Colleague: 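I'd like to ask you about the structure that follows.
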Amino acid sequence: MSPAREEPAGEAKEIEDLEISLLLEAIFRRYGYDFRDYARAHLRRRLRHRLELAGLADLGAMQHRVLSDRDFFELLLRDLSINVTEMFRDPAAYRRIREDVVPLLKTYPFVKIWHAGCATGEEVYSMAILLHEEGLLERSRIYATDFNRVALQKAREGVYSLERVRQYSSNYQKSGGRASLVDYYRTDNESMLLKNWLRQQVVFADHNLVTDGVFSEMQLVVCRNVVIYFNRDLQERIFNTFYQSLCPGGFLWLGAKESLKLLQIGEKFRELYGEEKIFKKNLQ
Amino acid sequence: MPYRAVVIGVSAGGLEALREVLSCLPADFPLPLLVVQHLGVDSDDFLARWLDQRCAIKVKEAEDKEPAAPGTAYLAPANYHLLMEDDGSLALSLEDWVNFSRPSIDLLFESAAEAYGKGLIAVVLTGANDDGSRGLAAMKRSGGLAVVQDPAGAEFPVMPRAAIQATQVDFVLPLPAIGRFLANLYRPA
Ligand SMILES: C[S@@+](CC[C@H](N)C(=O)[O-])C[C@H]1O[C@@H](n2cnc3c(N)ncnc32)[C@H](O)[C@@H]1O
């Protein structure tokens with residue numbers, strides 16, 4: 001008996017998958033950016049989208065283009081990193097940090113916080129405001145990292161569209177804010193400009209979670225809505241990086257729909273606030 | 001039965017429509033169901049909990065990388081796209097609105113069609129926009145089964161009508177018949 005023949009649709013898909021793998025390998029070898037373990041359904045969509053926009057014949061042609069054209073690579077890099085973010089996103093989780101985690105952080109003489117995948121920085125300024133109101137900002141250092149340099153530059157500038165200010169204020173109030181969000185920015189015609197002193201304790205840095213090293217002795221790692229773009233193996237690896245970067249008993253804060261539950265590394269953390277996705281590294 | 005998953009897209013009028021369909025299914029319904037219902041950006045998991053109390057199958061919000069299990073309906077969380085990976089696990093994404101929607105029905109249908117090909121059943125219910133029709137056309141091209149609520153009886157007929165215009169739909173059924181249809185696929189003879 002001959003084995004059942006592959007249906008043509010299945011075969012086309014297999015070829016596309018192979019082409020994607022080759023493209024990612026090429027990007028890694030040429031530019032050092034490693035997307036090989038990103039979640040496939042997402043990658044496939046984004047690559048097809050770019051293929052269409054660029055008017056290229058197929059992924060093979062795209063591979064050739066990306067190898068020879070750095071600007072095209074930069075474009076692709078932006079396609080593959082989704083920078084959607086906001087201030088005080090998930091207000092209930094910020095409230096939990098404010099009311100139940102900050103008091104624990106206060107027991108340390110100095111607090112180090114890592115925002116991994118900070119995108120355009122809205123989350124970082126939110127944290128700085130919260131720490132300031134709780135009297136902890138002076139004793140803190142925030143490391144804000146992302147591998148998307150365009151986003152990171154925007155984060156450094158802290159200038160955001162005024163269109164979103166209503167939503168941000170409402171988030172801020174719901175998160176237990178003690179003052180009013182307007183206290184923290186100036187405005188011009190179309191922008192809100194976060195005040196300079198808010199970034200006094202912030203270090204912005206270009207850092208790739210997949211290929212760059214660990215930080216040390218953090219009390220809190222904030223990594224929200226970043227690992228949804230990774231496959232499970234890569235999630236395990238990145239959470240291991242965070243594990244190593246945290247002091248014993250340190251905190252890990254994930255995005256609203258992310259969890260350690262399905263992963264092996266979950267054993268090394270305790271779920272402190274399940275709803276708000278706040279985990280605590282075991283003491284040993 | 002060759003089917004491996006059901007995807008459902010619904011917008012305005014969705015609460016009652018989903019209850020009517022999902023409450024027909026027995027606890028041991030052998031397929032996972034993935035559901036996109038358009039919601040306000042601030043919605044919590046109220047809808048999932050509300051449906052769970054009224055259905056024999058389990059209803060919950062989708063979590064990232066969770067394997068899709070039979071007898072369970074996974075709702076896309078407000079403000080996240082829901083996608084299906086080839087290995088049958090769920091994936092979430094925050095990429096931009098697609099056709100003014102996040103979650104997007106088109107995106108769910110397209111990714112599930114890629115993962116399951118002709119092993120997919122897609123259902124379009126009441127709604128006031130045309131999300132889902134491109135996804136339905138894509139899933140038909142890969143050989144799946146398309147079921148659409150009869151616009152005549154739908155609370156909001158725009159979405160089912162757009163779906164019917166977009167592709168060759170296999171069954172156009174009134175709401176009460178859709179749940180029975182799915183349940184009957186697996187009733188022991
Ligand atoms: C959706 S944003 C999340 C922003 C913010 N944390 C929030 O939740 O609002 C995801 C960010 O992860 C970054 N990212 C993705 N892969 C990365 C990697 N390998 N290293 C560093 N940052 C990465 C992207 O550039 C993007 O800015």
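Lettering follows sequence order; numbering is per chain, from 1. What you see is a predicted model; the values in this text were computed from it and never measured.
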Colleague: Decide whether Asn231(A) and Glu85(B) meet the rule of one side-chain donor and one side-chain acceptor closer than 3.5 Å.
Modeller: no

Colleague: Would one find more than 12 heavy atoms of other residues, nucleotides or ligands at under 6.0 Å from atom NZ of Lys60(B)?
Modeller: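 Yes.
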
Colleague: Could you look at Ala92(A) and say if it's the side chain, the backbone, both or neither that has a heavy atom under 4.5 Å from chain B?
Modeller: neither

Colleague: Would you say that more than 12 heavy atoms from the other residues, nucleotides or ligands in this model lie under 6.0 Å from the CZ of Arg134(B), or not?
Modeller: no

Colleague: Side chain from CB out, backbone as N, CA, C, O: work out which of these in Leu83(B) comes under 4.5 Å of a heavy atom of chain A, or both, or neither.
Modeller: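 Just its side chain gets close to chain A.
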
Colleague: Do Lys257(A) and Glu61(B) have side chains that get closer than 4.5 Å, going by heavy atoms?
Modeller: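 Answer yes - side chains close enough.
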
Colleague: Taking the basic N atoms (NZ, or NE/NH1/NH2) and the acidic carboxylate oxygens, is any pair closer than 4.0 Å for Glu258(A) and Lys65(B)?
Modeller: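 Looking at Glu258(A) and Lys65(B), the cut-off is not met.
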
Colleague: Rounded at 0.5 Å granularity, tell me how far CG in Asn225(A) sits from CG in Leu94(B).
Modeller: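 So the gap between those two atoms works out to 4.5 Å.
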
Colleague: I'd like to know if Asp87(B) and Arg40(A) make a salt bridge, using a cut-off of under 4.0 Å between side-chain N and carboxylate O.
Modeller: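 Salt bridge: no.
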
Colleague: Give me the atom names and distance for the closest heavy-atom approach of Ile228(A) to Ser93(B).
Modeller: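 That closest heavy-atom pairing would be CD1-CA, 4.1 Å.
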
Colleague: Can Glu114(B) and Arg48(A) be counted as an ion pair, charged N to O under 4.0 angstrom?
Modeller: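 Yes, this pair counts.
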
Colleague: Counting neighbours of CD on Gln264(A) that are heavy atoms of other residues, nucleotides or ligands and sit closer than 6.0 Å, is the number greater than 12?
Modeller: no

Colleague: With a 4.5 Å heavy-atom cut-off, do Ser259(A) and Glu63(B) have their side chains touching?
Modeller: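 Yes, at least one pair of side-chain atoms sits under 4.5 Å.
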
Colleague: Once you round to the nearest 0.5 Å, how far does CG of Asp90(A) lie from CG of Asn79(B)?
Modeller: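 If we round to the nearest 0.5 Å, Asp90(A):CG and Asn79(B):CG are 9.0 Å apart.
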
Colleague: For the NZ atom on Lys58(B), are there more than 12 heavy atoms of other groups (residues, nucleotides or ligands in this structure) within a distance under 6.0 Å?
Modeller: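 Counting other residues, nucleotides and ligands, NZ of Lys58(B) stays at 12 neighbours or fewer.
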
Colleague: Would you call Asp64(B) and Lys261(A) a salt bridge, taking side-chain N to carboxylate O under 4.0 Å as the test?
Modeller: no

Colleague: Quick check on Glu275(A): does its CD atom have over 12 non-hydrogen neighbours (other residues, nucleotides or ligands) under 6.0 Å away?
Modeller: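 Result for CD/Glu275(A): open.
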
Colleague: Would a 4.5 Å heavy-atom cut-off, applied to side chains only, mark Glu95(B) and Val84(A) as touching?
Modeller: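 Heavy-atom side-chain distance check fails, nothing below 4.5 Å.
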
Colleague: Taking every heavy-atom pair that is under 4.5 Å apart, which of Arg44(A), Gln235(A), His42(A) has the most such pairs with chain B?
Modeller: Arg44(A)

